[in-house]
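Structure record follows, encoded as structure tokens.
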There are 2 protein chains.
Amino acid sequence: MSNQPTPLPVVDLAADAPCCPPLAQRRVPAETAAVLAPAFKALGDPVRLQLMSMIASAEGGEACVCDLTPAFDLTGPTISHHLKTLREAGLVDAERRGTWVYYRARPAILRQLAALLTVEPAPGA
Amino acid sequence: MSNQPTPLPVVDLAADAPCCPPLAQRRVPAETAAVLAPAFKALGDPVRLQLMSMIASAEGGEACVCDLTPAFDLTGPTISHHLKTLREAGLVDAERRGTWVYYRARPAILRQLAALLTVEPAPGA
DNA sequence: TCTCTGCTTAGACGGACGTCAAGACAGGCT
DNA sequence: AGCCTGTCTTGACGTCCGTCTAAGCAGAGA
């Protein structure tokens, strides 16, 4: 398990989906929904949303688990579980360097999700 | 219960949150995460994601339940349940006109979610 | 090699979720 | 009024989710 650079069979969302048009422009097909819904689901937890933000906004683009864990009133395994969820959703990437494990965001899928939610600039107000 | 124009005590997300900066720019505070995570969670189901898209992309900005239900291999109550979830997440608004019930999207919160997921245009490729 | 620290995995438990069948309510038509 | 159509609510059931404790694995240092 340790001889591969990417230890998990993470779904490669960013490369698979055809970089969908806005949700409000044309109806999202079932296949696209099935692929992207898990990403939204992964962001649908307050802890994971904060984790995602901490990772994406970290200096150097990566955050150490040792910095993430003490920011919550949760046990280490619970944080690890949430990080695994983000990993399996294709939102983050993990890399072990020496003692510590670093997580970094995948901007491509974030862009994809943002594009999907894009709507016309102003309603009228 | 039937003497009010808005039958449900829907959370007014769009008006409450301070229209947050991008997730990758500064760390999302716990309160913001607690408010916005349910919206992502509501979109974290393939059926609801398609429903949201069908409503948001409908002509006139609104869609009838009678048009939404036959698009899925699910029973009416199940679709109704999903629509209720979207309603309670503040993503859509419902209005009864005669026999049919029409749903319309709330662009404000969609914009808010899209803004939160916004990242720098291109990484380098 | 031994031990210590950091992170993940395994197993368990309570609660929430997705689905359905059956019943209730609202509005239109005869 | 009475019926019919369309939608929502209720109650139930099986599954998944979030959390914990306990145990396992990987690296670093003595």
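Chain letters run A, B, ... following the sequence lines, proteins first, then strands; residues in each count from 1.
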(request) Report the distance from atom CG of A:L49 to atom P of D:dG18, rounded to the nearest whole Å. (result) 13 Å

(request) Give the rounded distance in Å between these two atoms: CG of B:L68 and P of D:dG6. (result) 15 Å

(request) Report yes if a side-chain nitrogen or oxygen of B:Y102 is closer than 4.0 Å to either non-bridging phosphate oxygen (OP1 or OP2) of D:dG6; otherwise report no. (result) no

(message) So, OP1 or OP2 of D:dC8: does either fall under 4.0 Å of a side-chain N or O from B:Y103?
(response) yes

(message) Going by disulfide bond (SG atoms under 2.5 Å apart), name the pairs with one or both residues in residues 37-94 of chain B, residues two or more places apart or in two chains.
(response) B:C64-B:C66

(request) Answer whether the closest heavy-atom distance between the side chains of B:D45 and A:F40 falls below 4.5 Å. (result) no

(request) Take the protein atom CD1 of A:I79 and the nucleotide atom P of C:dG6, then report the distance between them rounded to whole Å. (result) 16 Å

(message) For a quick check, with a 4.0 angstrom heavy-atom cut-off, what is the B/S/- contact string for nucleotides 16-21 of chain C, read 5' to 3'?
(response) -SSBBB

(message) Do A:L83 and A:M54 land in one hydrophobic cluster if side-chain heavy atoms of ILVMFWY residues count as linked below 4.5 Å?
(response) yes

(request) Could you walk me through whether A:I55 and A:E62 pass side-chain contact (heavy atoms from CB on, under 4.5 Å), step by step? (result) CA-CA 6 Å; A:I55 294 169; A:E62 58 184 16; over 6 Å; no

(request) Rounded off to whole Å, could you give me the CG-to-P distance for the A:L51 and D:dT19 pair? (result) 10 Å

(request) Round to a whole Å and report the spacing from CZ of B:R96 to C1' of D:dG6. (result) 7 Å

(request) Rounded off to whole Å, could you give me the NZ-to-C1' distance for the B:K84 and D:dG11 pair? (result) 13 Å

(message) Test your reading of the model: is there a side-chain donor-acceptor pair from A:T69 to the backbone of A:V65, 3.5 Å cut-off?
(response) yes

(message) Using a 4.0 Å heavy-atom cut-off, does B:G76 contact any base of the nucleic acid, only the sugar-phosphate backbone, or nothing at all?
(response) nothing

(request) Decide, yes or no, whether a salt bridge links A:D93 with A:R87 under the criterion of side-chain N to carboxylate O below 4.0 Å. (result) no

(request) Take the protein atom CG of A:L83 and the nucleotide atom P of D:dG18, then report the distance between them rounded to whole Å. (result) 13 Å

(message) Would the distance check show the side chain of B:S53 and the main-chain N or O of A:L23 forming a donor-acceptor pair, the cut-off being under 3.5 Å?
(response) yes

(request) With the side chain of B:V101 defined as its heavy atoms from C-beta on, choose the nearest nucleotide among C:dT8, D:dC8, C:dT9. (result) D:dC8

(request) Without swapping roles, check the side chain of A:R96 against the backbone of A:V101 for a donor-acceptor pair under 3.5 Å. (result) no

(request) Report the distance from atom CD of A:E88 to atom P of C:dT8, rounded to the nearest whole Å. (result) 12 Å

(request) Would you kindly confirm whether A:L91 and A:Y102 end up in one hydrophobic cluster when ILVMFWY residues are joined by side chain heavy atoms under 4.5 Å apart? (result) no

Contact list (N/O, under 3.5 angstrom) for nucleotides 3-5 of chain D vs protein:
none

(request) Select one nucleotide: of C:dC7, D:dT9, C:dT8, the one nearest the side-chain heavy atoms of A:W100. (result) C:dC7

